[in-house]
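I have placed the structure first, in the form of structure tokens, so that the comments after it can refer back to it.
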Amino acid sequence: MAGLGRGGDDRGAPAWQGPTRTGPWDEPQSPRQPYPPAQQQFPPAEEESGSTRLVRPYTVTGGRTQPRYKLALEALVSATVYEPRDLSVLAPECQAILQFCLDWRSVAEISAVLRMPLGVARILVADMSADGLVRIHQRDDSEGRPDLNLLERVLSGLRKI
Amino acid sequence: MGKTTFVGSVSEITPLTTEAVMTVASTDVDDLSHVPDKNTTTVSMDFGRITLEKDLVLYMFGTPGQHRFWFMWDDLIQGAIGAVVLVDTRRLADSFPAVDYFEASGLPFVIGINGFHGQFPHRSNDVREALAIPSTVPIIPCDARNRESTKATLVTLVEHAMSMQTAGRY
């Protein structure tokens, strides 16, 4: 199955100049594997509580299961160029998203690399976009299927790789 | 069948796995006795990425083919170019749900006959007949481990999507 996300090259110099925190993504280990294979940003749910083993994944969203607006899996997210501000008020999950999205990343990548269920990632990213913390690039659903021009570009791109 | 290998052979990143929490609304689901709360389970989906141009990124998502994962497909086909149904000729019937689904959705799809050890014992025409696929849908042998073979499959899919669009079929 193939989906499309369009990244932007319109972004100015480095996005989001918040407090420097050396994330595990700053130095890709190789071009092929830009993410650490199994770095856990958050402890697994099992370790967080004693009596019950399960921590509900939607706790961080305040119990909401629907994002403010629809976000495609392949929607690209990038931290907004922003005046330095106190980010410690943000949930750790949101801070991790900002750090990870210094470059364009898809919602699917956020979910996979930061180890959060897809539904949770969607809700947090939509919230952060509403708060002006991230920018989102995604195709408009009303455009329907990718048009011929876009398919031509994909085809020629595929032939070149 | 071989979908993670397929995605991995052409992706610029090692395929990643994302998980969706699924509410169980059907008895069609596997045994959930290992889950403390039996109303939910998680399903995994692998994906890879190819940066085609500076501002054009192609994502490939691999999902299991059974009925119970259709809720993920409904999500994925929005804005998708198309689908590759990877067929294991030893278990053709496993592909019926996927073929039914993509035919009904109108999403362009191609059939990739996954060869094992480079062997393709079944001819495309036999597979076409067994799956009752119209002649307009491309059926191609595909070695999921081989980058060039995977690329060729994707190229065929995009060409097919273009021809469907030109013909005004979706």
Side-chain angles (χ1 to χ4, degrees), chain A residues 1-10 30-35 37 52-54 56-58 65 70 72-76 104-113 115-121 137-141 143-148 150-161, chain B residues 3 7 10-21 23 35-37 40 42 45-47 49-63 72-73 75-85 102 106-109 147 151-152 154-155 157-159 161-162 164-166 170:
Chain A
M1 187 142 337
L4 265 189
R6 281 201 246 201
D9 53 357
D10 54 337
S30 75
R32 164 85 184 166
Q33 170 60 291
Y35 313 126
T52 55
R53 285 183 61 247
L54 187 74
R56 312 255 164 221
Y58 285 86
T65 57
K70 256 181 100 174
L73 273 171
E74 72 277 12
L76 293 171
W104 290 100
R105 308 286 193 187
S106 63
V107 171
E109 281 162 280
I110 291 171
S111 161
V113 175
R115 303 276 180 113
M116 48 177 94
L118 202 48
V120 173
H137 268 259
Q138 68 175 337
R139 289 183 74 250
D140 184 352
D141 265 358
E143 291 172 31
R145 301 236 185 273
D147 62 25
L148 271 180
L150 187 52
L151 292 176
E152 288 275 12
R153 287 180 64 198
V154 172
L155 191 59
S156 99
L158 277 174
R159 285 184 169 139
K160 275 186 236 152
I161 62 165
Chain B
K3 57 191 182 307
V7 169
V10 74
S11 173
E12 68 200 14
I13 56 171
T14 303
L16 293 166
T17 302
T18 183
E19 292 192 332
V21 177
T23 303
V35 181
D37 176 348
T40 60
T42 55
M45 175 167 56
D46 297 324
F47 65 97
R49 182 183 73 196
I50 311 172
T51 303
L52 296 174
E53 294 174 25
K54 199 175 164 196
D55 63 345
L56 186 64
V57 185
L58 181 73
Y59 281 91
M60 296 161 290
F61 294 94
T63 71
M72 294 173 92
W73 301 357
D75 194 357
L76 281 170
I77 64 171
Q78 303 281 336
I81 293 175
V84 176
V85 180
F102 291 119
L107 187 77
F109 70 99
R147 179 180 163 88
K151 257 176 65 176
L154 293 176
V155 164
L157 174 62
V158 179
E159 286 172 342
M162 291 171 75
M164 272 181 78
Q165 198 162 110
T166 311
Y170 74 90

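Below, chains carry the letters A, B, ... as their sequence lines are ordered, and counting in each starts from 1.
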Side chain to side chain, B:Glu19 and A:Leu118, heavy atoms closer than 4.5 Å: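 With C-beta onward as the side chain, the pair stays apart.
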Minimum side-chain heavy-atom gap A:Glu109-B:Thr18 below 4.5 Å: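 Contact flag for A:Glu109/B:Thr18 side chains = no.
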First locate atom [atom1] of [X], then atom [atom2] of [Y], and finally report the distance between them rounded to the nearest 0.5 Å.
X	Y	atom1	atom2	answer
B:Leu154	A:Leu155	CG	CG	10.5 Å
A:Leu148	B:Gln165	CG	CD	4.0 Å
A:Leu158	B:Ile81	CG	CD1	7.5 Å
B:Ile77	A:Arg145	CD1	CZ	6.0 Å
A:Leu73	B:Phe61	CG	CZ	4.5 Å

Contacting moiety of A:Ala108, where chain B heavy atoms sit under 4.5 Å: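 For A:Ala108, the contact with chain B is made by backbone and side chain together.
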Chain B interface, residue from A:Gly157, A:Ser156, A:Ala72, A:Ser111 that has the most non-hydrogen pairs under 4.5 Å: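 Of the options given, most contacts go to A:Ser111.
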Ion pair A:Arg153/B:Asp55, N-O distance below 4.0 Å: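 So A:Arg153 pairs with B:Asp55 through a salt bridge.
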Electrostatic pair B:Arg49-A:Glu74, nearest N-O below 4.0 angstrom: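 A:Glu74 and B:Arg49: not salt-bridged.
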side-chain contact (heavy atoms from CB on, under 4.5 Å) assessment of B:Thr51 paired with A:Trp104: CA-CA 11 Å; B:Thr51 303; A:Trp104 290 100; over 6 Å; no
Contacting region of B:Gln78 [heavy-atom separation from chain A under 4.5 Å]: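 B:Gln78 touches chain A through backbone and side-chain heavy atoms alike.
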Non-hydrogen atoms of B:Ala80 and A:Pro146 that approach each other most closely: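 Nearest pair, atom of B:Ala80 first, then A:Pro146: O-CD, 3.6 Å.
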A:Ile161 vs B:Arg147, side-chain contact (heavy atoms from CB on, under 4.5 Å): CA-CA, chis, key distance, verdict: CA-CA 10 Å; A:Ile161 62 165; B:Arg147 179 180 163 88; 3.9 Å; yes
